[in-house]
Protein chains: 2
Amino acid sequence: MTATGTTRTWAGSTLAERKAVRRAQLVAAGRELLGAGQAVTVRSVCRAAKLTQRYFYESFGDRDELVIAAFEAAAHEAVAAIVEAVAETDGRPESVARAGVRVAVEQTIDDPRRGQVLVVAPVSDPVLFAKRDEMLPVLTALFEEHIDSDAGDSELVASALAGALVHLFFRYLTGELRVERAAFEEHCVRLLLAGGAGWRRPSVDTG
Amino acid sequence: MTATGTTRTWAGSTLAERKAVRRAQLVAAGRELLGAGQAVTVRSVCRAAKLTQRYFYESFGDRDELVIAAFEAAAHEAVAAIVEAVAETDGRPESVARAGVRVAVEQTIDDPRRGQVLVVAPVSDPVLFAKRDEMLPVLTALFEEHIDSDAGDSELVASALAGALVHLFFRYLTGELRVERAAFEEHCVRLLLAGGAGWRRPSVDTG
DNA sequence: GGAAACTGACAACGATGGTAGTCAGTTACT
DNA sequence: AGTAACTGACTACCATCGTTGTCAGTTTCC
């Protein structure tokens, strides 16, 4: 048998394998830069990955594609952890909400780099903002599945909830929100349980 | 009397007057560009203002300063209109919330350019994002003054509310949120009245 | 060993942006 | 009329970025 096409090896690996390695290196470098709040350009990411720019275009059409890949890598980790935690609850709404919030906090606040990628970076990168906006329904749907809310138009509810949580996490992560972690988590749980309501009694209900 | 220093005229106006006119032209040009979703650079804004770049540095240290000025101009209009509308209510929480939401919608959705500047542009410009973040407490404080909420930690409440409203307006303005205007406004009113709760009954309350 | 695939380093080009300066023409004051 | 302030048009320089190509050295296959 002759080694032709993609089976030819170089330093023990095929071209496809090398491409995959290089792609992973670039995505990891992109994550590092995003997580450190640094600019992601073709040059900066290739420098961080210790690859020449020629290899960038082997896997990505442009910088945006790379940045999205980096974001998705981080997001999938967080979502997977949340899904797992939720699956281990007894399924009661409060258990689900608590597990979800706990893990979300762990994934973003206890791992500041991932938090930076998922929560802070989208603020200054329209590409990431749009990507995050696209992925949020995945998360809200997960909770809607377990938490029955008779709160009204579900799209409005979901949007308000997403906006509220994203903003809370952003301010907490950047240190603008000076509250105890427990209070922060409790508030997020309440928001989820009420389909967005962290408050017991809307004023109109007691009027 | 001899005309010296700043009283010297050129085409009928003093240097100070000319500077003020040029500054206003640049701010207006900045607003136009932001409102049209176009990039604001020193070059683009001077082109739009029909002024040479030399005059840019007469009023602004850099591009960010100009962009902030443009944002502030738009924001002050909206805030002033909301303040006025609230002042004309009977002061009951529901009246205040309704007036506030109605005017906010008018200011941003009925005037798409201003809406673009205040709601959409901050998504792709970190300078504007930060500026808006800085100004949101002005608005939430206005409502807190009129709407008594026993909902808990007021900073957490205000942050969640701000995030929810900003996100709702963003999605509505960009056309992502396909709901009737009345439903949209009603939901925002409910959020305000509940200090963020658009929902009647958190599940835990009926458990 | 020769040829082709592959690598890493680098150059090149065009585009854009920020900032500052020059120059000829215009205006206003003395 | 002379001079200084002012204007508008433009140049110049530097930096960064995206994208592509070249070249010499390396590896692998036949």
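Residue numbers begin at 1 in each chain, while the letters A, B, ... track the order of the sequences.
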Tabulate below the donor-acceptor pairs under 3.5 Å that side-chain atoms of residues 65-76 of chain B make, not counting sequence neighbours, or state none.
| from | atom 1 | to | atom 2 | distance (Å) |
| --- | --- | --- | --- | --- |
| B:E65 | OE1 | B:G61 | N | 3.0 |
| B:E72 | OE2 | B:K131 | NZ | 2.8 |
| B:H76 | ND1 | B:E72 | O | 3.2 |

Any ring pair (Phe, Tyr, Trp, His ring centres under 6.0 Å) involving residues 19-59 of chain B? Give me the pairs, sequence neighbours left out, ordered by first then second residue.
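Only B:F56-B:F60 qualify under ring pair (Phe, Tyr, Trp, His ring centres under 6.0 Å).
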
Sequence neighbours excluded - ring pair (Phe, Tyr, Trp, His ring centres under 6.0 Å) pairs with any residue from residues 108-139 of chain A
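Matches after skipping sequence neighbours: A:F129-B:F170.
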
Looking only at side-chain N and O atoms, does B:T9 come under 4.0 Å of OP1 or OP2 in C:dC29?
yes

Using a cut-off of strictly less than 4.0 Å, decide whether A:R63 has a side-chain nitrogen or oxygen near OP1 or OP2 of D:dT19.
no

Can you check the [X] [atom1] to [N] [atom2] distance for me, whole Å?
{"X": "A:R18", "N": "D:dT27", "atom1": "CZ", "atom2": "P", "result": "12 Å"}
{"X": "A:D64", "N": "D:dC17", "atom1": "CG", "atom2": "P", "result": "14 Å"}
{"X": "A:E65", "N": "D:dT19", "atom1": "CD", "atom2": "C1'", "result": "15 Å"}
{"X": "B:L15", "N": "C:dC29", "atom1": "CG", "atom2": "C1'", "result": "15 Å"}
{"X": "A:Y57", "N": "D:dC17", "atom1": "OH", "atom2": "P", "result": "12 Å"}
{"X": "A:E17", "N": "C:dC6", "atom1": "CD", "atom2": "P", "result": "13 Å"}

Between the opening five pairs and the closing five pairs of the helix from C:dG1-D:dC30 to C:dT30-D:dA1, how far apart are the helix axes, to 10°?
20°

Test side chain to side chain donor-acceptor pair (under 3.5 Å) applied to [X] - qualifying residues, sequence neighbours left out:
{"X": "A:R54", "result": "none"}
{"X": "A:R132", "result": "none"}
{"X": "A:E186", "result": "A:R98"}
{"X": "B:Q116", "result": "none"}

Measure distances between side-chain N and O atoms of B:R8 and base N and O atoms of C:dT27, and say whether any donor-acceptor pair falls under 3.5 Å.
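Checked by distance alone, the answer is yes.
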
A:D133: what forms a salt bridge (Lys or Arg N to Asp or Glu O under 4.0 Å) with it, not counting sequence neighbours?
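Residues passing salt bridge (Lys or Arg N to Asp or Glu O under 4.0 Å) with A:D133: none at all.
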
Set of residues satisfying ring pair (Phe, Tyr, Trp, His ring centres under 6.0 Å) with respect to B:F184, sequence neighbours excluded
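Partners of B:F184 under the ring pair (Phe, Tyr, Trp, His ring centres under 6.0 Å) test: B:F169, B:Y172.
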
Within the side chain of A:S124, is there an N or O that forms a donor-acceptor pair under 3.5 Å with the backbone of B:P126?
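It does not hold such a pair.
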
Is A:E32 paired with A:R113 through a side-chain N to carboxylate O contact shorter than 4.0 Å?
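Between A:E32 and A:R113 there is a salt bridge, with a charged N closer than 4.0 Å to a carboxylate O.
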
Enumerate the residues from residues 46-55 of chain B whose closest heavy atom to DNA chain C is under 4.0 Å, giving them by residue number; use none for an empty result.
B:Q53, B:R54

Using a 4.0 Å cut-off on heavy atoms, which residues in residues 32-43 of chain A reach DNA chain D? List them by number, or say none.
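A:T41, A:V42, A:R43, in order of number.
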
